[in-house]
Amino acid sequence: MNVRVRFAPSPTGFMHVGNARTALFNYLFARHNNGTFVLRIEDTDVERHSEEAVNVIYEALKWMGIEWDEGPDVGGPYGPYRQSERLSIYKEFIEKLKEKGLVYECYCTPEELDAMRKEQLERGEPPRYTGKCRHLTEEEKEKLRAEGRKPVLRFKVPEDEVIVFEDLVKGRIEINSRQLGGDFVIVRSNGMPVYNFVVVIDDALMKITHVIRGEDHISNTPKQILLYRALGFEVPQFAHLPMILGQDRSKLSKRHGSTSVKEFKEKGYLPEAFTNFLALLGWYPKDGKEVLSMEELIERFDIKDVNSAPAVFDTTKLNWLNQVYIRSYPIDKLTDLIIPYLEKAGFDLSSFSRDWLERVVEVTREYFTVLSDAPVYMETFLKDDFQVQPEAKEFISEDLKRLEVIKAFKEKLSGFEGGLSQESFKKLVKEVGKEVGVKGKNLFMPIRIGLTGKMSGPELPVLAELLGKERVLKRLENSLNQLEG
RNA sequence: GUCCCCGUCGUCUAGCCCGGCCUAGGACACCGGCCUUUCACGCCGGCGACGCGGGUUCGAAUCCCGCCGGGGACGCCA
């Protein structure tokens, strides 16, 4: 059997991490089984959808490294892949259901239904549609139409039937048709078919073999199975992924902080780290290897290994993964990604060569967890007119010799001929130590402060070499001005 | 309210289906130490969980029942 799965988001304007994880699992499942991954846009709700919102989906998927085999932009044999363009197809199947007498018109207004639901809830009953309009006569319908009412189409739900399906992650699930909330709407009064209906048509026509989606769809599944049967379609396999929870264990939503893929991208998470992290949310490889590339994920992924318990979205592990990826990323690519953050932080990079920048990235990369941290750590290399930090000032003031070290080093360096390499730097420092009569922290810390204004930072020889003699002198001058003032 | 799903370290999880190898394993985080002229990295070590109560059994994280807790769904949203 040729495996076909789909990711079917509605264009809401942002890609939620839960959706991203659903897309990922579908993708991994498809690739692992040499199957096809279909992207379908669910935009039947005309009230809210825009071209821009569709692009958000494309961009998020592309960033994550998820490629679709069929979709609105790339086409495919079962298109169109946007529900808004499939209306005529849906009409056809609506007619079929009408012919079979499996649907009927309902003239209840939203207000009436709302009131009904409220009453039922107050009485402690589960809210459900009573089937009020199921047996309306032609005259009654005529009368209601005369009132200006527009009907919806409802699907007749069988009275007492147990609907069973074998969920690939949850196991066997049984629901009695009585629990479905009564006859449900499949076409709105404006003629637009509803999700539960179109999803069945689309999945069937697109020959989807496995429906992998969020757990919140479990309660829709029996309704959909009823429709598959009514239409004579083969029912696909279902796999319902556990929810992603916020810190408070409720369904992850905007109030929990960053929840859109774009936000993670902008903070400077690498797509590889993000994807890797998402994969580990509800799934775990048999061999326990946690740092995995897309290829390795595909190789190991098995829908049966997906955990049935929900997972809390905690970014600590994502941070760790991001560090891991930053340290092993190609320096060229990493530099490309970091430059925008530097520019945004206000650094003028025009005086630095690309090669030099890459070397700075190389020696600072292990310090940051997200790319947006880069300017903080790279500043030491980029900015010569820094402020000497208070604690550094205090350190220098504690012992006169410390200031002397900086002065002596400046003297020494001025008189030094030739390029400043790590070796020559070390040699000069050593000489200064001897002359002033200090060693260890009393020697190195003043030099560090003289060069950076800070008490911590990258390895001094490396810094000195990258800066070069002129810039080091400039910095020493700058520091001394502040320390002697 | 009704139905459905879920319940192992703080977090992600392994183990559960096929009871003993589990004095419950790993990863992240946290704490301590080592390394280091600083910070970080790295290395070593530590802390830390089977929701509760009953059964079944020689033996239960694993099987059964009940309870409790959490979540989700009950739309002319998807």
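In the text below, chain A, chain B and the rest are named by the order of the sequence lines, each starting its count at 1.
Checked against the 6.0 Å centroid threshold, A:F25 and A:F301 count as a close aromatic pair. Taking the centre of each ring, A:F93 and A:F233 come in below the 6.0 Å mark. A ring-centre distance under 6.0 Å is not found for A:Y325 and A:W320.
Closest to the side chain of A:S456, out of B:C39, B:C4, B:A73, is B:C39. The side chain of A:K286 sits closest to B:G15 out of B:A29, B:G15, B:A78. The side chain of A:S10 lies closest to B:A78 when the candidates are B:U37, B:C28, B:A78. In the set B:G26, B:C6, B:C76, the nucleotide with an atom closest to the side chain of A:P110 is B:C76. Checking B:G7, B:C4, B:C28 against the side-chain heavy atoms of A:A309 singles out B:G7 as nearest. When the nucleotides B:C76, B:G72, B:A78 are ranked by their closest atom to the side chain of A:N196, B:A78 comes out on top. Side chain of A:P461, nearest nucleotide from B:C39, B:U37, B:A29: B:U37.
Ring pair A:H240/A:F238 is parallel by interplanar angle, where below 30° counts as parallel and above 60° as perpendicular.
Aromatic stacking of A:H217 on B:A78: satisfied, with centres closer than 5.5 Å and planes within an angle under 30 degrees.
Residue contacts for A:V152: at a heavy-atom cut-off of 4.0 Å it reaches a base atom on one of the strands shown. Using a 4.0 Å heavy-atom criterion, one finds that A:N176 contacts no nucleic acid atom at all. In this structure, A:P310 reaches the sugar-phosphate backbone alone: every heavy-atom distance under 4.0 Å involves primed, P, OP1 or OP2 atoms, never a base. Heavy atoms of A:G440 sit nowhere under 4.0 angstrom from any nucleic acid atom. In this structure, A:S250 reaches the sugar-phosphate backbone alone: every heavy-atom distance under 4.0 Å involves primed, P, OP1 or OP2 atoms, never a base. Within the nucleic acid shown, A:K454 has no heavy atom closer than 4.0 Å to any nucleic acid atom. Counting any heavy atom pair closer than 4.0 Å across all strands shown, A:G171 reaches no nucleic acid atom. Nucleic acid contact class of A:R448 (heavy atoms, under 4.0 Å, all strands): base. Nucleic acid contact class of A:C108 (heavy atoms, under 4.0 Å, all strands): base. Contact annotation for A:S219: backbone-only contact, meaning every heavy-atom pair under 4.0 Å involves sugar-phosphate atoms and none involves a base. If you check every strand for non-hydrogen atoms under 4.0 Å, A:I218 touches sugar and phosphate atoms only.
Separation of the C1' atoms belonging to B:A29 and B:G48 is 12 Å when rounded to the nearest angstrom. On the C1' atoms, B:C39 is 25 Å away from B:A27, given to the nearest whole Å. B:U36 and B:C44 have their C1' atoms separated by 16 Å, given to the nearest Å. B:A61 and B:U38 have their P atoms separated by 49 Å, with the value rounded to a whole Å. Only the C1' atoms considered, B:A78 is 46 Å distant from B:C31, to the nearest whole Å. B:U13 and B:C6 have their C1' atoms separated by 15 Å, with the value rounded to a whole Å. Straight-line distance between the P atoms of B:G10 and B:C5: roughly 27 Å, to the nearest whole Å. Atom C1' of B:C30 sits at a distance of 46 Å from the matching atom of B:G75, rounded to the whole Å.
A donor-acceptor contact under 3.5 Å is not formed by the side chain of A:Q120 with the base of B:G1. Evaluation of atom-type donor-acceptor distances gives no pair under 3.5 Å for the side chain of A:S308 against the base of B:C6.
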Q. Can you list the steps and then say if A:M116 with A:T130 is a side-chain contact (heavy atoms from CB on, under 4.5 Å)?
A. CA-CA 9 Å; A:M116 204 186 293; A:T130 56; 4.1 Å; yes
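Looking at A:R178 and A:E161, no side-chain N of the basic residue comes within less than 4.0 Å of a carboxylate O on the acidic one, giving no salt bridge.
Each of A:Q179 and A:V306 lies near RNA chain B, and the nucleotide nearest A:Q179 is the one positioned closer to the 5' end. Positionally, the nearest nucleotide of RNA chain B for A:P458 lies more toward the 5' end than for the other of A:R117 and A:P458.
For the pair A:R154 and A:F184, the NZ or CZ position fails the cation-pi test of under 6.0 Å to the six-membered ring centre and within 45 degrees of the ring normal.
Between the side chains of A:Y367 and A:D373, no donor-acceptor pair of N or O atoms lies under 3.5 Å.
Note on A:N307: a side-chain N or O is less than 4.0 Å away from OP1 or OP2 of B:A14. A sub-4.0 Å separation between OP1 or OP2 of B:A73 and a side-chain N or O of A:K223 is absent.
Here the C1' atom of nucleotide B:U36 and the CG atom of A:L460 are 13 Å apart, to the nearest Å. Between A:F368 atom CZ and B:C39 atom C1' there is a gap of 15 Å when expressed in whole angstrom units.
Using a 4.5 Å cut-off on side-chain heavy atoms (C-beta onward), A:E391 and A:M455 make contact.
The main-chain N or O of A:L420 is never found under 3.5 Å from a side-chain atom of A:S424 such that the two would form a donor-acceptor pair.
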Would you tabulate the nitrogen or oxygen pairs shorter than 3.5 Å linking the protein to nucleotides 40-50 of chain B?
from  : atom 1 : to     : atom 2 : distance (Å)
B:A40 : N3     : A:E366 : OE2    : 3.2

